[in-house]
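Note that the structure is a prediction, hence the values are computed from the model and not measured. Side-chain atoms are counted along with the backbone in the values below, which use heavy atoms only and exclude waters and symmetry mates. Just so it is clear: chains get the letters A, B, ... in the order the sequence lines come, proteins before strands, and each one is counted from 1.
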Amino acid sequence: MFKSEPSCFSFADLQSRPDGTEHWDGVRNFQARNFLRDEIAVGDGVLFYHSNIAEPAVVGLAEVVRGGYPDWTAFDPAAEHFDPQSRREEPRWYMVDVRYVRPLLRPVTLAEMKLHPALAGMALLHRSRLSVQPVTGAEWTYILQLGGVAG
DNA sequence: GCCAACGTTGGC
DNA sequence: GCCAACGTTGGC
């Protein structure tokens, strides 16, 4: 699951990109970095989640089209998420590329996910501040069914 | 807008 | 290496 504030970057923004692809850069949290660098691979499915709004929700599906590689925005002093501690020889931060796949027929809200015991173990409910987090196969299937999309 | 949770930094 | 201070995230 990838989380984003829609006022910053929304699922519709992803759809409107050329080829529907975008760099998932700017992540500056070590645990999320570890997922981007070590766990996430080309072809992985992504649940796109809108955070920090009235009804936070999973709104659509994306997929990883390039696995973890150094986040070059950290090297650029003019970039918003510049980090002088990240050096090209020893990058501190990583990013992946994602591509728009399709929306859920209806969003699956955070409130709804809290109601389902099958989803009680989700990182989303316990590590709410982690912006990139794992989803189990069972959770993935369950959420797609709630969203009206076949898994 | 408030505030709880929590990741990160820095003093010791 | 501990822990207080601080900053940020994100639900409400």
Participant: For the pair made of CG in A:Asn34 and P in B:dT8, what is the distance, rounded to whole Å?
Facilitator: 10 Å
Participant: Checking contacts here: which listed nucleotide (C:dG11, B:dG7, C:dG10) is nearest the side-chain heavy atoms of A:Pro56?
Facilitator: C:dG11
Participant: Measure the distance from CD on A:Glu55 to C1' on C:dG10 and round it to the nearest whole Å.
Facilitator: 15 Å
Participant: Is the distance between the ring centroids of A:Trp72 and A:His23 under 6.0 Å?
Facilitator: yes
Participant: Please determine whether a side-chain nitrogen of the Lys or Arg among A:Arg33 and A:Asp38 lies less than 4.0 Å from a carboxylate oxygen of the Asp or Glu.
Facilitator: no
Participant: According to a strict under-4.0 Å criterion, is A:Tyr49 in side-chain N/O contact with OP1 or OP2 of C:dT9?
Facilitator: no
Participant: Is the cationic atom of A:Arg37 (NZ for Lys, CZ for Arg) positioned less than 6.0 Å from the six-membered ring centroid of A:Phe35 and within 45 degrees of its normal?
Facilitator: no
Participant: Round to a whole Å and report the spacing from CG of A:Asn29 to C1' of C:dG10.
Facilitator: 14 Å
Participant: What contact category does A:His50 fall into here, base, sugar-phosphate, or nothing, at under 4.0 angstrom with non-hydrogen atoms?
Facilitator: nothing
Participant: Kindly say whether A:Glu5 contributes a backbone atom to a donor-acceptor pair with the side chain of A:Asn52 at under 3.5 angstrom?
Facilitator: no
Participant: Can you identify which nucleotide, out of B:dT9, B:dT8, C:dG11, has its nearest atom closest to the A:Arg92 side chain?
Facilitator: B:dT9
Participant: Give the nucleotide from the list C:dC12, C:dG10, B:dT8 with an atom nearest to the side chain of A:Leu110.
Facilitator: C:dC12
Participant: Round to the nearest Å and state the distance from A:His81 atom NE2 to C:dT8 atom P.
Facilitator: 11 Å
Participant: Mind calculating the distance between CE (A:Met113) and C1' (C:dC12) to the nearest angstrom?
Facilitator: 16 Å
Participant: Is there a donor in the side chain of A:Tyr100 and an acceptor in the side chain of A:Asp19, or the other way round, less than 3.5 Å apart?
Facilitator: no
Participant: At under 4.0 Å, does any side-chain N or O of A:Arg127 touch on OP1 or OP2 of B:dG7?
Facilitator: yes
Participant: Distance check needed: B:dC6 P versus A:Leu130 CG, whole Å only.
Facilitator: 12 Å
Participant: Quick one: A:Phe30 CZ to B:dC6 C1', roughly how many Å, whole number?
Facilitator: 15 Å
Participant: Please give, in whole Å, the distance from C:dG10 C1' to A:Phe2 CZ?
Facilitator: 19 Å
Participant: Would you kindly compare A:Asn52 and A:Gln85 by the position of their nearest DNA chain B nucleotide and give the one closer to the 5′ end?
Facilitator: A:Asn52
